[in-house]
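Here is how names work: the chains are called A, B, and so on, in the same order as the sequence lines, proteins then strands, and each is numbered from 1.
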Amino acid sequence: MKKITLKKSTLELVRTGPGSFRIDYERELNPAQLEAVEIVDGPVLVIAGAGTGKTRTLTYRVARLIETGLRPESILLLTFTRKAAREMLRRAAMLLDDRTERVAGGTFHSFAVSILRRHADRLKYERSFTILDQGDAEDVINLLRTRGGFAGRKRRFPRKGTLRAIFSSMMTTLTPLDVVLARDYPHFAELHDDIAALGRAYLGYKMKYNLMDYDDLLVNLVRLLESEPELREKLSSDYRYIMVDEYQDTNAIQARIVQLLGSHGNVMAVGDDSQSIYSFRGANFRNIMDFPKAFPGTRVVTLEENYRSTQPILDLTNEIIARASEKYQKQLFTSKQEGPAPAIIATENENMQSLFVVQRVLELREEGVPLSEIAVLFRAGYLSFDLEIELGKANVPFVKFGGIKFMETAHVKDIVAHLRVLENPRDVVSWHRILLLLEGVGPRTAQRVTDEITEGRLSLGPRAAERLGQFVRNKKILDLFEMLDSIRSEGIAPPDKAAVILEHYRPILKDKYDDFHKRLKDLDMFLEIAERYRSLQSLLTDLALEPPSESVADLEEEGKEREFLTLSTVHSAKGLEWHSVFVIHVLDGRFPMAASVRSDAEMEEERRLLYVACTRAKQNLYLLYPTYMYDRSTGTVLSKPSRFLDGISGNFLESFTLEVEE
DNA sequence: GAGACCGACGTTTTT
DNA sequence: CGTCGGTCTC
């Protein structure tokens, strides 16, 4: 056999001049976009207003970098979702060729996982660590909370969700506990010492059982980069060109990662401070404001020409955001002068709002607007329930984004917990979960079993029966162990493992839920997803980092031409656009939510959220609000339109009420 | 020690 | 309105 070796080449990679590029950048980009695309070295900050071709700019820049002769592998594209990265690289491939497939891309979290899977041992973790999603993290915290006796009899102690939020806030914003408490939870300030103790217990628990929550992925990556300088340098030179999308929604720890990896200074951050809507996740739009300070010599490019919306829509959105207290100055404009003014429509009640949307959607379809070009947006998942019922009655197909997730449903989590135990036998959280499903097993028995496992006295295998027999009588536990043992082998493909687990789980499901056949359909879907994987670890990682609601929708899209109406939370609508957009519940107390009145910062974020919602529209924008909504939380009746529309002249926003004809 | 029952509470957005 | 957490009973 011939052996091929590499010989040092004397050929120099010369960067060709603009004339010889295949892509005609100057014709296809506007001057500001072109400026951003042509910068190869040094830090760049692109402030890209809504609809100004941000994705286009990033896509062309990737193509450009490759065309100038850079290795695709040396480019790292960090985006908000993996889907976004995929989409950009796909578009870049259409411009250029499939070299773009070799570009490294993904979310901060998925990037962190890929590094940690290789180097976890340096942090005293095993590489097979389990990723805890938010619910899992809360389960662990709750376990420690009860076990540690914190849930004191008289004092009020924060709940698991609050505790998780507190710990997360400390991690993502690099802030000490006392500051977090003073700022966001003053009523718990006196519990500082207990909360701190619980936090330490949580940390130790995760370490002991080889678990990482979402924040750990980022924090541990930073720890790794800081404690292993040669690794940091290696990665930094591997990824000579870093691009970060949606920079306004990064948090302090992510900014730190960018700084550590981007020591070469070739970092392009792209974002829009006016669209920062993730502060609850520790994002701080100050990050983007401070980018030039973190990277001296930053060139700032501002994109202001909007290619999405008509001028009347921009006039309104410019008005909405003009009242924000702090931002990079920009004024969006477009050459699309013509178009109807945005409408604000008062409806008697929530159901009239739904009926109007249904009717108008049907009319639009008559007028030739495909359903795939129409969306209904709202502040929170539950706000579309009534509309969903009416759409069902009228046979309008729709897909909802945001809200309750496939992965968060109890039955899917149950199946996943079984798989996790196979991958990481020390994953006590999952053991606990699957043991509790068995009849006659409660918290006590479950703990006895998991203790045996963690002490190393019990594991899957032929000796399990003997050991179990010594301290439990429950036959079901033994069955569980035998079932898991039978599919433990790595040679068995993930879908086959899942199928066996499903057989075991089916009777439990039937017993537990009245609506079991609906849930069974979800589990069939789960099997389909598992079909795509050869390795259990990658299946589990993807499930944690990229909830499949999106991938499933993707699958359907390919087949069915996407003929459905989109319902979405504003958060999930980020980066998307439609011909006609309805924003429902633009009602003061709902949008902004009543709870946000507490602080100016939250109120500002609500404003940006409405801005994001309205800037999704290309042609038609309808804002709706019911004039009678009882609000349980405050015990009041909400009836006024969102305060963000106060003082906006009728020139920008036409008002309507509904007239019902029998 | 498991599971049913009851009362209180708070209520968003997502990797 | 539903979930969560705590208590009571079997």
Side-chain angles (χ1 to χ4, degrees), chain A residues 78-85 106-113 131-139 142 145-146 150-154 156-162 164-165 168 171-172 212-218 246 249-251 253-254 276-283 377-385 401-405 407-408 410 435-436 438-448 472-474 512 541-547 549-550 568-574 585 589-596 598 602 605-606 608-610 612-613 630-635:
Chain A
L78 293 169
T79 53
F80 205 67
T81 62
R82 285 216 261 179
K83 195 177 164 193
T107 61
F108 277 93
H109 290 87
S110 67
F111 176 72
V113 170
I131 302 167
L132 302 177
D133 67 22
Q134 186 171 316
D136 301 326
E138 288 176 1
D139 287 349
N142 205 33
R145 192 182 95 121
T146 4
F150 291 108
R153 311 121 256 294
K154 19 186 200 290
R156 249 187 59 193
F157 201 76
R159 304 236 187 136
K160 57 181 183 181
T162 313
R164 195 210 50 83
S168 181
M171 303 253 253
T172 55
M212 292 197 205
D213 64 22
Y214 287 141
D215 300 328
D216 290 325
L217 297 176
L218 304 179
E246 308 282 11
D249 286 323
T250 55
N251 54 38
I253 190 90
Q254 289 166 325
S276 170
I277 53 176
Y278 278 89
S279 68
F280 64 90
R281 220 167 74 185
L377 308 181
F378 31 84
R379 175 68 183 83
Y382 69 93
L383 293 172
S384 70
F385 290 162
F401 297 90
I404 306 142
K405 291 274 161 34
M407 271 304 292
E408 282 158 22
L435 285 163
L436 281 178
L438 304 175
E439 206 183 331
V441 178
R444 203 63 210 226
T445 311
Q447 199 188 329
R448 286 228 307 274
V472 285
R473 280 177 281 113
N474 195 318
K512 208 170 156 191
T541 300
D542 277 10
L543 288 174
L545 294 183
E546 188 177 37
S549 58
E550 287 182 346
S568 175
T569 59
V570 179
H571 283 90
S572 301
K574 178 162 135 168
H585 289 286
R590 285 269 182 279
F591 205 157
M593 305 206 66
S596 302
R598 285 181 295 146
E602 279 178 68
E605 179 144 318
E606 296 275 326
R608 294 191 294 268
L609 211 41
L610 183 63
V612 169
Y630 178 68
D631 184 62
R632 267 194 300 280
S633 67
T634 53

Would you mind telling me which of C/dG5, B/dG1, B/dT13 lies closest to the side-chain atoms of A/Asn142? C/dG5

State whether the aromatic ring of A/Phe280 stacks on the base of B/dT13, taking stacking to mean ring centres under 5.5 Å apart and ring planes under 30° to each other. yes

Candidate nucleotides C/dG6, B/dC9, B/dT14, ranked by approach to the side chain of A/Arg159 - the nearest: B/dC9

Rounded distance in Å between the P positions of C/dG5 and B/dT12: 15 Å

Strictly distance-based, threshold 3.5 Å: is any side-chain N or O of A/Ser110 a donor or acceptor partner for the main-chain N or O of A/Thr107? yes

Just to be sure I understand the rule, does A/Thr445 reach a base, reach only the sugar-phosphate, or reach nothing, if contact means heavy atoms closer than 4.0 Å? sugar-phosphate

For A/Glu605, report the nucleic acid contact type (base, sugar-phosphate, nothing); a contact means any heavy atom under 4.0 Å. nothing

Of the listed nucleotides (C/dG5, B/dT14, B/dT12), which one gets closest to any side-chain atom of A/Glu606? B/dT12

Closest of B/dT12, B/dT15, B/dG1 to the A/Arg444 side chain is B/dG1

Considering heavy-atom distances to DNA chain B, does A/Arg164 or A/Leu438 have its closest nucleotide positioned more toward the 5' end? A/Leu438

Measure from CD on A/Glu439 to C1' on B/dG1 and round the result to the nearest Å. 15 Å

Gap between atoms CG and P, on A/Asn251 and B/dT15 respectively (whole Å): 14 Å

Once you round it to whole Å, what is the distance between P of B/dT13 and NE2 of A/His585? 13 Å

Sorted by chain and number, sequence neighbours left out, side chain to side chain donor-acceptor pair (under 3.5 Å) with A/Glu246 holds for A/Lys54, A/Gln248

Between A/Thr107 and A/Gly442, which is nearer to the 5' end of DNA chain B once each is assigned its nearest nucleotide? A/Gly442

Atom CZ of A/Arg590 and atom C1' of B/dT13 are separated, to the nearest Å, by 15 Å

Partners meeting ring pair (Phe, Tyr, Trp, His ring centres under 6.0 Å) with A/Phe108 (sequence neighbours left out): none

Nearest listed nucleotide, side chain of A/Thr569, among B/dG1, B/dT13, B/dT12: B/dT13

Whole-Å gap separating P (B/dG10) and OH (A/Tyr382): 16 Å

C/dG6 phosphate, OP1 or OP2, under 4.0 Å from A/Arg145 side-chain N/O: yes

Does B/dT14 have OP1 or OP2 sitting under 4.0 Å from an N or O in the side chain of A/Ser572? yes

Donor-acceptor pair, side chain of A/Ser168 and main chain of A/Arg164, under 3.5 angstrom: no

Send over the distance from A/Phe385 CZ to B/dT12 C1', rounded to a whole Å. 12 Å

To the nearest angstrom, the CG-C1' distance between A/Asp213 and B/dT14 comes to 14 Å

Which nucleotide in the list B/dT12, B/dT15, B/dG1 gets nearest to the side chain of A/Arg281? B/dT15

Would you mind classifying the nucleic acid contact of A/Tyr278 as base, sugar-phosphate or nothing, using non-hydrogen atoms under 4.0 angstrom? sugar-phosphate

So, does A/Asp213 use its side chain to make a donor-acceptor pair with the main chain of A/Glu138 at under 3.5 Å? no

Quick one: A/Phe591 CZ to B/dT13 C1', roughly how many Å, whole number? 10 Å

Let's see if you can work this out: which of C/dG5, B/dT13, B/dA2 has an atom nearest to the side-chain heavy atoms of A/Ala380? B/dT13

With distance as the sole test, does A/His571 use its side chain to make a donor-acceptor pair with the main-chain N or O of A/Ile277 at under 3.5 Å? yes

Nearest listed nucleotide, side chain of A/Pro443, among B/dG3, B/dA2, B/dT12: B/dA2

Heavy atoms under 4.0 Å, any strand shown: does A/Val570 hit a base, just sugar-phosphate, or nothing? nothing

